Number of protein chains: 2
Amino acid sequence: MTSRAGARKRDTYRHGDLRNALIQAGLELVRDGGPDAVVLREVTRRVGVVPNAAYRHFADRNALLRAVRQAALAQLAAAMETELAALPSADDPAESARARIRALATSYLRFAQAEPGLFRAAFSTSDMADTENASADGPGGLTAFQLLGAALDDLVESGALPLDRRPGAEYFVWSAVHGLAVLLIDGPLRGLLPVQAHEAGQRLMDSIERGI
Amino acid sequence: MTSRAGARKRDTYRHGDLRNALIQAGLELVRDGGPDAVVLREVTRRVGVVPNAAYRHFADRNALLRAVRQAALAQLAAAMETELAALPSADDPAESARARIRALATSYLRFAQAEPGLFRAAFSTSDMADTENASADGPGGLTAFQLLGAALDDLVESGALPLDRRPGAEYFVWSAVHGLAVLLIDGPLRGLLPVQAHEAGQRLMDSIERGI
DNA sequence: TGCGCATTGTGTACAATGTCCACATTGCCG
DNA sequence: CGGCAATGTGGACATTGTACACAATGCGCA
């Protein structure tokens with residue numbers, strides 16, 4: 001029974017794609033429990049492999065966490081792209097750009113509330129975060145940040161935003177949205193009713209439009 | 001040598017104020033290393049006491065962390081109060097209120113960059129954060145959040161802010177400032193030069209003033 | 001004054017975790 | 001087909017949070 005045993009082979013010595021399996025398990029853990037829940041031993045346990053096996057694919061528990069973070073960021077980017085795609089096409093380019101920014105903000109906030117664990121992981125420091133570097137992009141190949149930048153560029157192009165206000169604008173928009181997201185899931189606004197949270201989001205986006 | 005030994009008595013059986021000593025040591029650790037650096041055993045080690053001694057004052061490592069977080073929040077509030085106090089008195093009440101808001105935002109951002117560890121700890125979740133509840137206030141008895149609220153109230157009173165825009169305004173302001181702070185110390189804006197960070201802060205505050 | 005008891009700190013112990021090292025099992029490539 | 005790099009296993013160790021039983025201490029009451 002060293003090689004083949006009845007119908008069942010020795011399922012997994014060569015797992016095939018352990019690296020990804022580990023990341024997937026990590027995502028599960030992070031989903032409810034945040035970054036700290038990504039315990040190396042538990043991850044490998046779920047995949048049915050010995051703890052040290054992880055070290056063939058990640059230098060560190062931290063490296064694994066980084067990979068999970070990238071995956072979480074990718075999911076966020078994907079959610080934002082989806083929201084963008086569902087947008088009805090407007091005639092007015094300025095209005096269209098504004099609508100896109102609202103859509104991005106909305107999906108960002110929604111993601112944070114629907115998947116707080118993933119969201120926290122996506123923006124946790126741990127070591128030396130690489131929020132933008134590697135493959136944190138969505139299916140469209142753009143990161144969340146880049147999606148926002150594009151919308152802002154279009155806003156300028158449509159003439160709705162003076163060019164001298166453009167530089168740094170994404171920092172303002174992102175700051176506001178990210179800040180609210182954090183306050184909602186970790187800060188004093190935690191535990192707000194969904195309706196109230198939604199209202200806060202709407203007010204925030206109004207302020208953002210005025211402030212850009 | 002059970003009781004008295006030479007000149008030195010058995011220095012610390014009754015430590016006197018262990019609870020606070022632990023919090024203080026926790027603050028040191030959090031300062032460079034963030035919340036995860038608050039390791040119960042290391043904290044007690046620094047105070048020169050056995051690990052379990054901590055359990056006479058805190059139910060949990062988490063309870064200790066909560067206390068440290070409160071202390072960090074208090075330091076933030078104190079920094080903001082100081083900045084407010086240093087403000088020259090303006091005649092125009094509207095201008096004064098605006099200046100106060102800027103001062104609050106400035107000190108908030110400055111604190112985050114000067115003490116990222118404390119800042120991160122102050123807003124880390126861990127369990128069930130109590131950013132506002134307990135004694136997270138500064139010397140003046142107001143939390144950071146309340147300081148902001150007061151300034152906004154004055155802005156309304158001075159007629160510079162329509163009353164119907166008041167509700168929820170602090171969420172917008174705080175979101176924007178907090179978001180930038182986080183992006184600066186953890187996010188993609190991490191490692192920006194101080195000058196650039198300052199500039200981003202200025203732009204942000206301009207946008208906030210417009211957006212309120 | 002002196003004694004008893006609640007408070008506060010100690011000692012020992014245990015399970016869990018991250019990571020190191022040496023070894024085993026593969027599959028692929030020459 | 002034989003060896004080698006890649007991948008997974010086993011066992012070990014220091015560190016951590018925490019539980020339980022015990023010791024020292026000092027305050028309140030006799």
Side-chain angles (χ1 to χ4, degrees), chain A residues 1-5 8-26 28-30 33-69 121 124-128, chain B residues 1-5 8-26 28-30 33-69 121 124-128:
Chain A
M1 63 177 73
T2 324
S3 304
R4 44 149 191 81
R8 221 163 309 161
K9 251 191 69 182
R10 194 211 240 282
D11 259 330
T12 55
Y13 198 129
R14 237 53 167 208
H15 178 284
D17 192 11
L18 187 73
R19 190 191 149 86
N20 271 98
L22 291 173
I23 296 182
Q24 226 54 38
E28 269 181 43
L29 286 176
V30 104
D36 291 347
V38 180
V39 175
L40 193 143
R41 288 179 106 108
E42 173 66 18
V43 171
T44 58
R45 214 173 287 139
R46 295 205 171 195
V47 177
V49 90
V50 96
N52 280 348
Y55 286 86
R56 299 295 169 187
H57 301 271
F58 301 97
D60 227 38
R61 181 219 169 210
N62 230 307
L64 168 57
L65 223 188
R66 253 198 309 268
V68 172
R69 174 167 40 239
S124 68
T125 311
S126 82
D127 209 13
M128 197 51 11
Chain B
M1 61 178 74
T2 325
S3 303
R4 42 149 193 80
R8 217 164 310 162
K9 249 191 71 182
R10 192 205 237 287
D11 259 329
T12 54
Y13 200 133
R14 237 54 168 211
H15 178 284
D17 192 11
L18 187 74
R19 189 191 150 88
N20 271 97
L22 291 173
I23 296 182
Q24 227 54 37
E28 268 181 43
L29 286 176
V30 104
D36 291 348
V38 180
V39 175
L40 192 144
R41 287 179 106 107
E42 174 65 18
V43 171
T44 59
R45 215 172 286 140
R46 297 205 169 196
V47 178
V49 91
V50 97
N52 280 349
Y55 286 87
R56 298 296 168 188
H57 301 271
F58 301 97
D60 228 35
R61 179 218 169 211
N62 230 308
L64 168 57
L65 223 188
R66 255 199 306 270
V68 173
R69 175 167 39 238
S124 68
T125 310
S126 83
D127 209 14
M128 195 50 20

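The sequence lines fix the lettering, A, B, ..., with proteins before strands; numbering per chain opens at 1. The structure presented is a predicted model; accordingly, all values stated were derived computationally and were not measured.
Nucleotides of DNA chain C nearest to A:Glu42 and A:Ala59 differ in position, and the one nearer the 5' end is that of A:Glu42.
Of the side-chain N and O atoms in A:His57, none sit less than 4.0 angstrom from OP1 or OP2 of D:dA6. Between A:Tyr55 and C:dT19 there is a side-chain N or O to OP1 or OP2 distance below 4.0 Å.
If you measure from atom CG of A:Leu22 to atom C1' of C:dG18, you get 15 Å, rounded to the nearest angstrom. The CG-C1' distance, from B:Asp60 to D:dT16, rounds to 14 Å in whole Å. For the pair B:Leu65 CG and D:dT18 C1', the computed distance is 16 Å after rounding to whole Å. One can place CZ of A:Arg56 at 14 Å from P of C:dC23, the figure rounded to the nearest angstrom. The CG-C1' distance, from A:Leu40 to D:dT9, rounds to 15 Å in whole Å.
At a threshold of 4.0 angstrom between heavy atoms, the contacts of B:Arg19 with the nucleic acid are absent.
Here A:Arg56 contributes atom CZ and A:Leu22 contributes atom CG; the two are 13.5 Å apart, rounded to the nearest 0.5 Å.
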Let me have the donor-acceptor pairs involving side chains of residues 44-54 of chain B, under 3.5 Å, with sequence neighbours excluded, atom names and distances please.
from: B:Thr44; atom 1: OG1; to: B:Leu40; atom 2: O; distance (Å): 3.4
from: B:Thr44; atom 1: OG1; to: B:Arg41; atom 2: O; distance (Å): 2.8
from: B:Arg45; atom 1: NH1; to: B:Glu42; atom 2: OE1; distance (Å): 2.5
from: B:Arg46; atom 1: NE; to: B:Glu42; atom 2: OE2; distance (Å): 3.0
from: B:Arg46; atom 1: NH1; to: B:Glu28; atom 2: OE1; distance (Å): 2.9

Distances for protein N/O vs nucleotides 11-13 of chain C N/O pairs under 3.5 angstrom?
from: C:dG11; atom 1: O6; to: B:Asn52; atom 2: ND2; distance (Å): 2.1

